[in-house]
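Beneath this line is the structure, given in structure tokens, with notes to follow.
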Amino acid sequence: MPPYQPGEIEPKWQRKWADARVAEIDVSSPGEKFYMLNMFPYPSGDLHVGHGRNYILGDALYRFFRMRGMAALNPMGWDAFGLPAENAAIKRGIHPREWTMSNIAREKVQFQRWGILYDWSKEIASCNPGYYKWNQWLFLQLYKRGLAYRGTAPVNWCPEDRTVLANEQVVDGRCERCGTIVEQKELAQWFFRITEYADRLDAGLDSLEHWPEKVKLMQRNWIGKSVGADVEFPIPSLGKSIRIFTTRPDTIFGATFMVLAPEHPDVAALIADHPQRAEIEFWIGGVRNQSALERQEAGKEGRFTGKYATNPFTKEPIPIWLGNFVLPQYGTGAIMAVPAHDQRDFEFAKQYGLPIRVVIRANDGAGPAGSTGASDLSEAFTVKDDSATIVESGLITGLTPLKAIDRIGDEVERLGIGKKTVRYRLRDWLISRQRYWGTPIPMIYCDRCGLVPVPEKDLPVELPLDVPFTGREGNPLAKDEAFLNVKCPQCGGAAKRETDTMDTFVDSSWYYARFISPRDETKIFDSALVDRWLPVDQYIGGIEHAILHLLYARFICRALHDLGLTHVEEPFTRLFNQGVITKEGYRDPTQGMSWVQLNEVAWRDGKPYRGSTELVAEVGKMSKSRFNVVPPDELIERYGADTERVYTLFIAPPEKEAAWSDEGVIGAYRFLARVWNMLEQIQASGPGPRATESSAPSFDGVVRKMHQTIDGVTRRFDRFEFNTAISSLMELSNVMGDYIGTGGRDPRLRDAYGVLLQLLHPFAPHLTEELWSMLGKDGFILTSQWPVADPALMQEESVTIVIQVNGKLRGQIEVPNPPVEAVVMAAVRANERVQSWVTGKQIVKTIYVPGKLVNMVVR
RNA sequence: GCCCUGGUGGCGGAAUGGGUAGACGCACGGGACUUAAAAUCCCGAGCCGCGCGAGCGGCGUGCCGGUUCGAGUCCGGCCCGGGGCACCA
């Protein structure tokens with residue numbers, strides 16, 4: 001028996017799996033399907049053990065479902081468009097395509113070294129024309145239906161990357177990628193009308209039982225559904241009315257002023273004859289130029305317009321103010337201010353001495369509304385449930401806020417001064433990018449015909465490869481005359497192509513469907529097959545995609561559904577987000593920092609002050625800048641991929657963040673080596689001479705442990721408890737080792753060992769394949785049937801003592817593993833305890849022995 | 001501020017509906033093998049105290065209280081960590 005040398009056996013089995021194409025599946029083959037999918041990666045070329053966790057986890061699951069006899073699909077591809085490729089081109093003079101393709105080649109090798117089985121016959125890369133052609137086709141379909149449109153809107157502009165960003169890509173007012181403060185610009189851009197689907201995207205979350213609550217909640221907050229009412233407030237001096245949106249129409253009798261966003265279209269007319277008009281306009285200009293972040297940091301500021309609106313319920317005139325805290329994009333850009341019951345309005349009212357009127361009181365008299373008057377409020381009273389009552393509010397006085405909301409809504413509609421409405425925080429998805437390395441938007445600008453879509457027969461609009469990368473002056477496509485100049489498909493005259501490319505999130509919004517028929521040149525995908533294979537049964541990826549990717553994918557899947565291309569509406573049945581792997585590392589306090597970290601160091605002239613070079617110790621996600629990356633190659637060379645796989649899954653529950661420990665790896669290696677070394681003893685077991693018959697241990701313990709382990713591991717796969725699944729395999733191997741160590745040589749040991757190998761296979765595929773073949777078993781262990789536990793053989797030989805007090809079940813205690821004659825002793829022991837628990841009461845004690853039932857009365 | 005999470009040995013973490021807290025592994029201590037080391041195997045261990053010793057006693061799942069014969073687990077109130085959202089009317 002040679003020593004355990006993963007370096008010898010792993011490449012061998014990787015070659016065998018590849019040669020036998022074991023992971024290739026005919027999508028039209030029969031059987032119960034299981035679509036397993038890891039989020040396809042951006043090929044940055046630097047996979048580390050943290051990434052490995054994600055793919056190893058998926059591979060273990062895939063192998064498990066295969067062994068359970070399912071038609072399992074596990075494809076892989078590349079989210080290959082994106083900014084880093086372009087930046088590499090600018091910095092190092094490599095073409096983005098070359099950079100991307102060489103990274104793909106490297107990562108593919110890495111996947112193989114991890115022993116991961118993907119169906120490479122279905123590989124896709126979003127930067128290939130064969131793929132992005134269908135991005136363009138999809139765009140044209142959406143355009144036809146009005147779901148893609150060009151619009152001018154205030155957009156987020158990153159001056160560093162020289163491109164616009166989606167709202168989702170702006171974090172705390174900064175570019176998600178580079179941390180530069182995002183500017184607001186009015187630009188004509190392409191949008192997808194995701195807001196059209198806001199209600200369905202919100203409602204659909206309820207059907208996603210197997211998604212983490214956390215992710216659903218994040219999406220729900222992002223969509224931001226608000227139910228309320230639009231109400232018209234007449235402006236006598238203007239001869240018109242201004243519409244406000246409120247979620248609290250029940251507080252309308254407390255609306256003592258109105259606030260408009262400085263950008264509101266009626267502002268000019270309102271301040272036209274204001275004596276300090278110039279000053280107000282100057283102030284408005286200042287607010288407009290502020291970024292969203294600066295606007296909030298400025299605190300609440302406002303100006304009185306000098307005009308009044310009429311509260312439609314109290315009929316009182318209320319002053320109209322402009323306020324920087326009212327957002328032009330949300331609702332109608334105008335609010336009724338109820339300072340007593342909205343914290344923001346309260347702060348504004350306090351600051352400018354505006355009237356405050358209490359219209360809700362807590363039923364128990366507590367809280368701010370318990371105060372005798374508005375003047376002693378210290379904060380707004382915002383309660384919206386049965387614990388409060390509306391006061392001094394005409395027709396709704398005495399109602400609870402919830403009932404009042406309904407009642408006022410009806411009244412508003414009856415009076416014809418507004419209606420009940422639902423509004424969403426979600427805004428349309430801005431997909432234009434002024435960048436080269438992406439899918440060209442298939443549109444043409446013709447002076448005579450206007451906007452003309454590229455005819456479908458002319459797709460794909462190919463991205464020209466011979467363009468210069470200077471890193472200056474924006475998108476190189478805009479300078480490429482050969483690309484730019486085109487004949488108008490309608491009139492044949494000279495026209496220009498759109499030079500914007502699509503956000504790469506468009507690429508990833510439907511790729512899961514393309515995997516089913518990846519080479520189809522005639523259509524985006526085969527609808528019948530997609531209907532069979534979608535939704536994805538298990539989707540695995542990082543929590544960082546909780547909003548962006550997953551929301552866009554849900555949107556596009558619904559759009560595809562509405563185009564009649566599939567019956568599926570929700571693309572992912574089960575979602576799992578693995579935690580990151582962290583490691584102790586060091587960082588330069590300024591070098592390579594994210595902007596969040598930069599915020600915490602010294603600033604000079606608006607830039608981080610890079611005076612210090614002292615390294616700071618910290619634990620964090622693996623990254624080059626932190627010098628804490630564990631490259632898989634060294635690890636695999638030393639301990640093997642199986643060790644990395646087992647350790648990675650053993651380290652912690654997979655959804656949790658886990659700290660990498662170089663010492664911990666050894667434990668996984670030792671476990672595998674023990675399983676390896678055990679083979680020799682297994683081979684020696686059997687009907688041959690046994691060690692001293694009388695002292696040989698009973699095999700029953702091994703059988704029991706084996707069946708318990710089969711049951712436990714199987715159930716733990718369903719619950720993603722890989723860490724305890726592996727620990728239970730260690731226990732089984734320990735039990736078998738002890739049995740052998742004490743002289744046990746039962747011939748059935750060989751089969752038990754085979755079962756151990758099967759259960760271990762998803763975690764340590766190479767080792768188990770090798771041992772399986774050395775055991776003389778035919779075929780790949782991968783294609784063997786997953787073992788099934790026999791419940792009868794799982795039973796512990798323990799006695800459970802059920803305690804009843806006066807006929808009522810009061811609890812139970814378990815006396816482990818006694819010989820049958822010890823039951824009496826156990827009863828005596830239990831008796832003592834029972835008496836100490838309940839003195840003076842009659843206790844009925846029932847003793848359960850497997851197959852027996854004993855009742856005892858204890859006093 | 002709001003929402004979601006989590007808090008168990010030196011460390012990562014176990015504990016099916018309340019029932020021997022600390023499985024499994026790391027690190028640690030002792031022993032075997034070895035000229036020696038590595039590797040491997042065996043044994044030990046929550047913490048504190050007592051005992052030469054088999055052992056005995058006390059305290060233990062962030063804190064305080066409650067329910068229960070029995071609480072890491074259920075209930076109420078706090079404290080702390082991690083994450084998300086944040087003028088969205």
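Relative to the six-membered ring of A:F325, A:K300 meets both conditions, a distance below 6.0 Å and an angle of at most 45° to the axis.
Distance noted for atom C1' between B:C64 and B:C80: 15 Å (whole Å). Rounded to whole Å, the C1' atom of B:G70 lies 14 Å from the corresponding atom of B:A21. Only the P atoms considered, B:G72 is 15 Å distant from B:G66, to the nearest whole Å. With P as the reference atom, B:A14 and B:G6 are 12 Å apart, rounded to whole Å. Annotation: B:A23 and B:C4 have their C1' atoms spaced 30 Å apart (nearest Å). The same atom, C1', is picked in B:A45 and in B:G9; the two are 10 Å apart, to the nearest Å. Atom name C1', nucleotides B:U5 and B:G10: the rounded distance is 26 Å, in whole Å. Nucleotides B:U20 and B:G12 are separated by 24 Å at their C1' atoms, to the nearest Å.
Base-pair partner of B:G49: B:C56 (Watson-Crick or G-U wobble, both distances under 3.5 Å). Nucleotide B:U40 is matched to B:A32 when pairs are restricted to Watson-Crick or G-U wobble geometry with both distances under 3.5 angstrom. Both distances falling under 3.5 Å, in either a Watson-Crick or a G-U wobble arrangement, place B:G76 opposite B:C64. For B:G81, the paired base is B:U5 (Watson-Crick or G-U wobble, both distances below 3.5 Å). Judged by Watson-Crick or G-U wobble contacts below 3.5 Å, the nucleotide B:A86 has no partner.
For A:T724 and A:R716, the side-chain atoms include at least one donor-acceptor pair closer than 3.5 Å. Between the side chains of A:W283 and A:E301, at least one donor N or O lies within less than 3.5 Å of an accepting N or O.
Across B:C4, B:A89, B:C41, the shortest atom-to-atom separation from the side chain of A:R674 is found for B:C41. When each of B:A86, B:C87, B:A89 is scored by its nearest atom to the side-chain atoms of A:N324, the top-ranked nucleotide is B:C87. When distances run from any side-chain atom of A:R425 to the nucleotides B:C3, B:C85, B:A89, the shortest one goes to B:C85. In the set B:C87, B:A27, B:A89, B:C87 carries the atom at the smallest distance from any side-chain atom of A:K300. For A:L327, the side-chain atoms get nearest to B:A89 when compared with the rest of B:U16, B:G25, B:A89.
Among the atoms of the strands shown, none is found under 4.0 Å from any heavy atom of A:R423. Residue A:G299 is classed as a base contact, given a heavy-atom separation below 4.0 Å to a base. Among the protein residues, A:V326 comes within range of the nucleic acid bases, having at least one heavy atom under 4.0 Å from a base atom.
Within the 4.0 Å cut-off from OP1 or OP2 of B:A89, at least one side-chain nitrogen or oxygen of A:Y330 is found. Between B:C26 and A:R670, a contact under 4.0 Å exists linking OP1 or OP2 to a side-chain N or O. For the OP1/OP2 pair of B:G84 and a distance below 4.0 Å, the side-chain nitrogens and oxygens of A:R220 include no atom meeting the criterion.
Per the geometry, CD1 belonging to A:I726 stands 15 Å off P belonging to B:C24, to the nearest Å. Counting to the nearest Å, the C1' atom of B:C4 and the CD atom of A:Q219 are 15 Å from each other. In this structure, A:N221 atom CG and B:C3 atom C1' are separated by 7 Å, rounded to whole Å.
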Name the pairs: protein N/O against N/O of nucleotides 6-15 of chain B, kept only if under 3.5 Å.
| unit_1 | atom_1 | unit_2 | atom_2 | d |
| --- | --- | --- | --- | --- |
| B:G12 | O2' | A:I651 | O | 2.4 |
| B:G13 | OP1 | A:K656 | NZ | 3.4 |
| B:G13 | O3' | A:N723 | ND2 | 3.4 |
| B:A14 | OP1 | A:N723 | ND2 | 3.2 |

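Residues A:Y4 and A:Y669 place their aromatic rings such that the two centres sit under 6.0 Å apart.
Between the side chain of A:H341 and the backbone N or O of A:G254 there is no donor-acceptor pair closer than 3.5 Å. Judged by distance alone, with hydrogens and angles left aside, the side-chain atoms of A:N723 form no donor-acceptor pair with the main-chain N or O of A:L649 at under 3.5 Å. In terms of modelled atom types and a separation under 3.5 Å, the side chain of A:R554 and the main chain of A:L201 share a donor-acceptor contact.
Under the 4.5 Å side-chain criterion, counting only non-hydrogen atoms from C-beta, A:F763 is not in contact with A:F650.
In this structure, B:G30 shows a glycosidic angle more than 90 degrees from zero, which is the anti conformation.
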